[in-house]
Amino acid sequence: MKALRRFLDKQKPHFEDGGKFARFHSMFDSMETLFFVPDKVTTSGAHIRDAIDMKRTMITVFIALMPALLFGMWNIGYQHFTSYGQAPGNWNMFLYGLLKMLPLIIVSYVVGLGLEIMFAQIRHHDVNEGFFVTGILIPMIVPPDIPLWQLALAVAFAVVFGKEVFGGTGMNVLNPALLARAFLFFAYPVAISGDRVWIADKADAFSGATPLGDALVGNFDHIPSFYNMFMGFIPGSNGETSTLMILIGAAVLIITGIGNWRIMLSVVVGGIVMGLLFNWWGANEYMKLPAYYHLVMGGFAFGAVFMATDPVTAAQTKKGMYYYGFLIGMIAVLIRVFNPAYPEGMMLAILLMNVFAPLIDHIVVDANIKHRLKRMKLAIK
Amino acid sequence: MSEERQEREPLFSAKNLKLVKGPINLNNPITVQVLGICSALAVTAKMKPAIVMTISVMVVLAASNVVISIMRNGIPPRIRIIVQLVVIATMVILVDQVLKAFLYDISKQLSVFVGLIITNCILMGRLEAFAMSNKPWPAFMDGIGNALGYGLILIAVSFLRELFGSGTLLGLQIVPPGFYHFGYVNNGLMILPPMALITVGVIIWVQRYYHRDLIENN
């Protein structure tokens, strides 16, 4: 560590103003903050600072994602070997999944960070940690066999049109990770949804659709048991299969105060309410599916915990968070059951509510102002 | 005196040429004035309809500009919008009938959008802002220029959308079939309307990067 510090100190003058590589200052800065706490101090404005900065927030989310990511890797191997009728042991299964996921993660980070650094250089901004979580989220919500060039294109689209055109991290309207998935969903529908999605390599026994796909076409006897879907022994994208692992992540987020429990809770309530409504209606087989099944199928849990709670794109007011989450849950189940073209509604529901989040906040704030004005008038009387 | 001098002005004087050149870049109806966006989104999935649309708009705009410019001193100001609309509508119906007679397939593809040229903001805008106060020849040049600026964006957008969305240009296969063997897939999003909006946005972005004075400071 000391040697590294000495090396960085030696290189630093070259990157300061007037140095040889002054133009690449932001790149050096990002490398330095990767290893050490920066020595920057506040020069103006507020001097009171929380210990939680963007870097710590991002790393906490990263840790919360780990259980789902690691389990997902094992599950990829599990699905693969089960389809061959083999059982080579847990380590081999994990290793197989790791090798499947690693290229996706590398491509996602190289393309995303490359573009972030490029934009930072052009705009003379500092490189920030904004892409840190997005970069791991994207590989976790796409099928593991997605062609790498398609993934690279989706990441580029999400970073440039989801974030940089609005002014970078913290200014985006839509969740960049979901935008990358939405891009893939609409641009290359064959690879990401329908019955040709990768589940396992040979997979005669498994070939076909994920539970959501089965539900959509009416193969209700194909849907795995609630226990299997809760534990995550089902085919699907890397991150979303195991509700249990996602709950562990949710616990980390809530205990550290990074993730917002209001949004998570209201998404779940929204989903259950819509599910119960459909149960009561019961016009077709899909509507009769028990409401709690929706919580463990597809990306519902993952979306509720890691996507809907994104502090930049979610509603900011406390009351607004309840509306925002509730509507996400409702719309997600609504799309699943009603729209034959979209097996999974979570992505579209969250993106839609991302767009409406500022409006919800506006209404909540406006209502509060009116409420207080009324109270003031009463007090004056 | 002054009238004499104006009559001697050549047809393609610098001033008149500027009427054509301006709208192509710095005063572009789509990217700078943001007019006529709706049709730019609707007809740009393929190049052929985009080119036909460009020609239709050019004919309608140049012709109605000239007609209004000739009539400009006789139109009572209070009903000028109605008069302009009647002129445009006449021209649009003429173009529509010609397309139906000679280019039936494309006219079917363009469907209602030829008829909707009537509501294209560029036309009303040019008639109101230019033809009402200028002589027929400059009005004609202005019409051609604005239609060219409109068409340039239309064709650029449709070029990108058709190339990446369908792998073809003007219906000819451009992406080599071998690419598909190696796993290349046409981008389905390019065919959908949102991508037209984003493509126009990118063109505006590039244009403003080179012409910094177009950027509003607010």
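Chain letters run A, B, ... following the sequence lines, proteins first and then strands; every chain starts at 1. Since this is a predicted model, take the numbers as computed values, not measurements.
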Would you indicate whether the side-chain heavy atoms of A/F185 and B/L189 approach each other to under 4.5 Å?
-> no
Take atom CZ in A/F356; do more than 12 heavy atoms of anything else shown fall under 6.0 Å from it?
-> no
Can you establish whether the number of heavy atoms outside A/H362 located under 6.0 Å from its atom NE2 is more than 12?
-> no
Enter the distance from B/N187:CG to A/F186:CZ here, rounded to the nearest 0.5 Å.
-> 12.0 Å
Does any heavy atom of chain A fall under 4.5 Å from the side chain of B/Y184, the backbone, both, or neither of them?
-> both
Relative to chain A, which segment of B/M190 carries a heavy atom at a distance below 4.5 Å: side chain, backbone, both, or neither?
-> neither
Shortest non-hydrogen separation from B/V185 to A/Y188 and the atoms involved = O-CE2, 3.3 Å
Rounded distance (nearest 0.5 Å) linking atom OH of B/Y209 with atom CD1 of A/I122 = 6.5 Å
